[in-house]
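Working notes for the structure below.
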Amino acid sequence: MNKLLQKEAERLIEIAFAEDVPYRDLASEAVFNSKRAEVDLIAKQDGIICGLEVFQMTFEYLDPTIEIEYFCKEGDTIIPGDKLLTVKGPAATLLIAERTALNFLQRLSGVATASNKLVNALKDTGIKVVDTRKTTPAYRNLQKYAVRVGGAYNHRYGLSDLIMLKDNHIQAAGGIKQAVAAVKEIDPFMHKIEIEVENLEMVKEALEAGVDIIMLDNMDHDTMKTAIEIIDGQCLIEASGNLSIENAHTFSDLKIDFISSGALTHSAGILDLSMKNFRIIN
């Protein structure tokens, strides 16, 4: 993780602890006092591990003397029963940080695992899987990091990264040519222009307007095939809508550059991990 991502993780960790431990965990303080302990992280599901650095930062936020012995590395494939790491430190700290640390690790690993599954489903097609802006508010950069760990790619991080014209823009401008002309008037060369199209007539209009990327939105297979023939390498092609593990094979004969999927982040779920074998050591 780079420094900017670390800073974002630190901010989210602070917010998470303010939510979960407003001032004290009286149960842990009373029972464990100054005792030290260690606990293992065990995999309970197949997947890709992601977020180990955030996991460690969560414990270190409470106590920088925490020690972690790793038996895996970021991006590794894991299977049920794998011991991934052991955390050692003050017993109360381990229990206070456990849930927050797992919340980060399980969710980031879930995104990485979902991304990896779609990437593997499109293996050898040359099509890149990309994410969308359908992320958890304030967690976008971490979730997009997890997408990359899973082997997929990032679409725009925010509205400022790319000029994307959708149906509302086109309708308000009076058409594709007018919408493209309007954005070129205020930004003639700095940003690429992508346009979302729903039919073949819109594909032809987008080409005439000179866009950089055409998104084929929710088109059936035969319509996409015809659209690709019309585009004929004149710009990059993105397909979007209804991609899943089950139907990924239907895209294998289509010469498109990217398939975007909001499910990588908004529907990924978590990877099942558990802190087990808690033991007092002194």
Side-chain angles (χ1 to χ4, degrees), residues 1-17 19-20 41 43 45-61 66 68 70-78 82 84-85 87 97-123 127-162 164 192 194 238 240 243 245 257-273:
M1 290 172 56
N2 60 42
K3 291 292 185 182
L4 290 176
L5 200 53
Q6 288 174 348
K7 284 290 184 184
E8 180 163 310
E10 288 172 1
R11 177 175 58 84
L12 292 172
I13 290 167
E14 183 174 2
I15 293 170
F17 275 127
E19 174 182 71
D20 197 40
L41 177 67
Q45 186 178 357
D46 294 326
I48 304 296
I49 192 71
C50 176
L52 292 172
E53 189 171 348
V54 182
F55 181 86
Q56 179 168 335
M57 289 170 63
T58 305
F59 283 94
E60 290 178 342
Y61 179 87
I66 288 289
I68 300 182
Y70 289 97
F71 307 107
C72 67
K73 63 181 185 301
E74 191 83 336
D76 276 357
T77 299
I78 61 174
D82 281 352
L84 306 178
L85 55 85
V87 189
E98 175 184 9
R99 175 42 51 200
T100 298
L102 279 175
N103 282 346
F104 282 110
L105 188 63
Q106 289 182 288
R107 279 155 182 78
L108 293 178
S109 295
V111 171
T113 299
S115 301
N116 189 253
K117 286 180 178 178
L118 272 182
V119 168
N120 287 335
L122 289 164
K123 189 177 180 181
I127 300 171
K128 292 180 171 65
V129 178
V130 300
D131 56 21
T132 71
R133 290 167 45 244
K134 296 175 182 176
T135 54
T136 305
Y139 278 74
R140 178 168 297 168
N141 288 337
L142 280 179
Q143 288 183 317
K144 281 182 172 283
Y145 163 75
V147 166
R148 297 195 303 274
V149 171
Y153 294 83
N154 298 141
H155 204 286
R156 56 182 178 165
Y157 275 74
L159 291 172
S160 304
D161 291 338
L162 171 77
M164 180 180 283
K192 289 181 184 278
E194 179 170 5
E238 176 185 341
S240 181
L243 173 66
I245 299 296
D257 299 288
F258 312 99
I259 297 180
S260 55
S261 173
L264 299 183
T265 50
H266 70 58
S267 300
I270 66 165
L271 188 65
D272 197 1
L273 308 166

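Between the CD atom in Q6 and the CG atom in L142 there is a gap of 11.0 Å [rounded to 0.5 Å]. Here the CG-CG distance, from L108 to N103, works out to 10.5 Å after rounding to the nearest 0.5 Å. Here L84 contributes atom CG and K73 contributes atom NZ; the two are 12.5 Å apart, rounded to the nearest 0.5 Å. Interatomic distance, CG of D82 versus SG of C72, reported as 8.0 Å (0.5 Å rounding). Going from atom CE of M57 over to atom CD1 of I13 covers 4.5 Å, rounded to the nearest 0.5 Å. In this structure, CD in E60 is found 11.0 Å from CZ in F55, a value given to the nearest 0.5 Å.
Screening D131, T135, T132 for a side-chain hydrogen bond (donor to acceptor under 3.5 Å, both in side chains) involving K144 leaves a single residue, D131.
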Mind running side-chain contact (heavy atoms from CB on, under 4.5 Å) on Y139 and R107 for me, showing each step along the way?
CA-CA 11 Å; Y139 278 74; R107 279 155 182 78; over 6 Å; no

Can you check side-chain contact (heavy atoms from CB on, under 4.5 Å) on L41 and L105, steps first, answer last?
CA-CA 11 Å; L41 177 67; L105 188 63; 3.5 Å; yes

Go through Y61 and T100 one step at a time and tell me if the side-chain contact (heavy atoms from CB on, under 4.5 Å) criterion holds.
CA-CA 11 Å; Y61 179 87; T100 298; over 6 Å; no

Would you check, one step at a time, whether the test side-chain contact (heavy atoms from CB on, under 4.5 Å) holds for L118 with I245?
CA-CA 6 Å; L118 272 182; I245 299 296; 3.7 Å; yes

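Within 6.0 Å of CD on E14 lie no more than 12 heavy atoms contributed by other residues, nucleotides or ligands. Surrounding OH of Y153 are at most 12 heavy atoms belonging to other residues, nucleotides or ligands under 6.0 Å away.
Proximity of a side-chain donor or acceptor of R140 to a complementary backbone N or O of R133 within less than 3.5 Å is detected. Between the side chain of E74 and the backbone N or O of G51 there is at least one donor-acceptor pair closer than 3.5 Å. Of the possible donor and acceptor atoms, none in the side chain of N120 sits under 3.5 Å from a partner among the backbone N and O of K117. With hydrogens and angles ignored, the 3.5 Å screen pairs a side-chain donor or acceptor of T113 with a backbone N or O of I48. Between the side chain of T265 and the backbone N or O of K134, at least one donor-acceptor pair lies under 3.5 Å. Side chain of S109 to main chain of C50: a donor-acceptor pair is present (N/O by atom type, distance under 3.5 Å, no hydrogens or angles). A side-chain donor-acceptor contact under 3.5 Å links N2 to the backbone of L4.
D272 is listed as a side-chain neighbour of Q106, based on a closest heavy-atom distance under 4.5 Å. N116 is not listed as a side-chain neighbour of T77, based on a closest heavy-atom distance of 4.5 Å or more.
Contact between E194 and L162 at its shortest, heavy atoms only, is OE1-CD2, 3.3 Å. Closest of all the heavy-atom pairs between M1 and A9 is CE-CB, 4.2 Å. Heavy-atom minimum distance, S261 versus L243: CB-CD2, 4.2 Å. Between G75 and V149, the shortest heavy-atom contact is CA-CG1, 3.7 Å. Across all their heavy atoms, L273 and A43 have their closest contact at CD2-CA, 4.0 Å. The minimum heavy-atom distance between L264 and A114, with the atom names listed, is CD2-O, 4.0 Å.
Using a 3.5 Å distance cut-off with no hydrogens or angles, the side chains of Y145 and E53 do not pair a donor with an acceptor.
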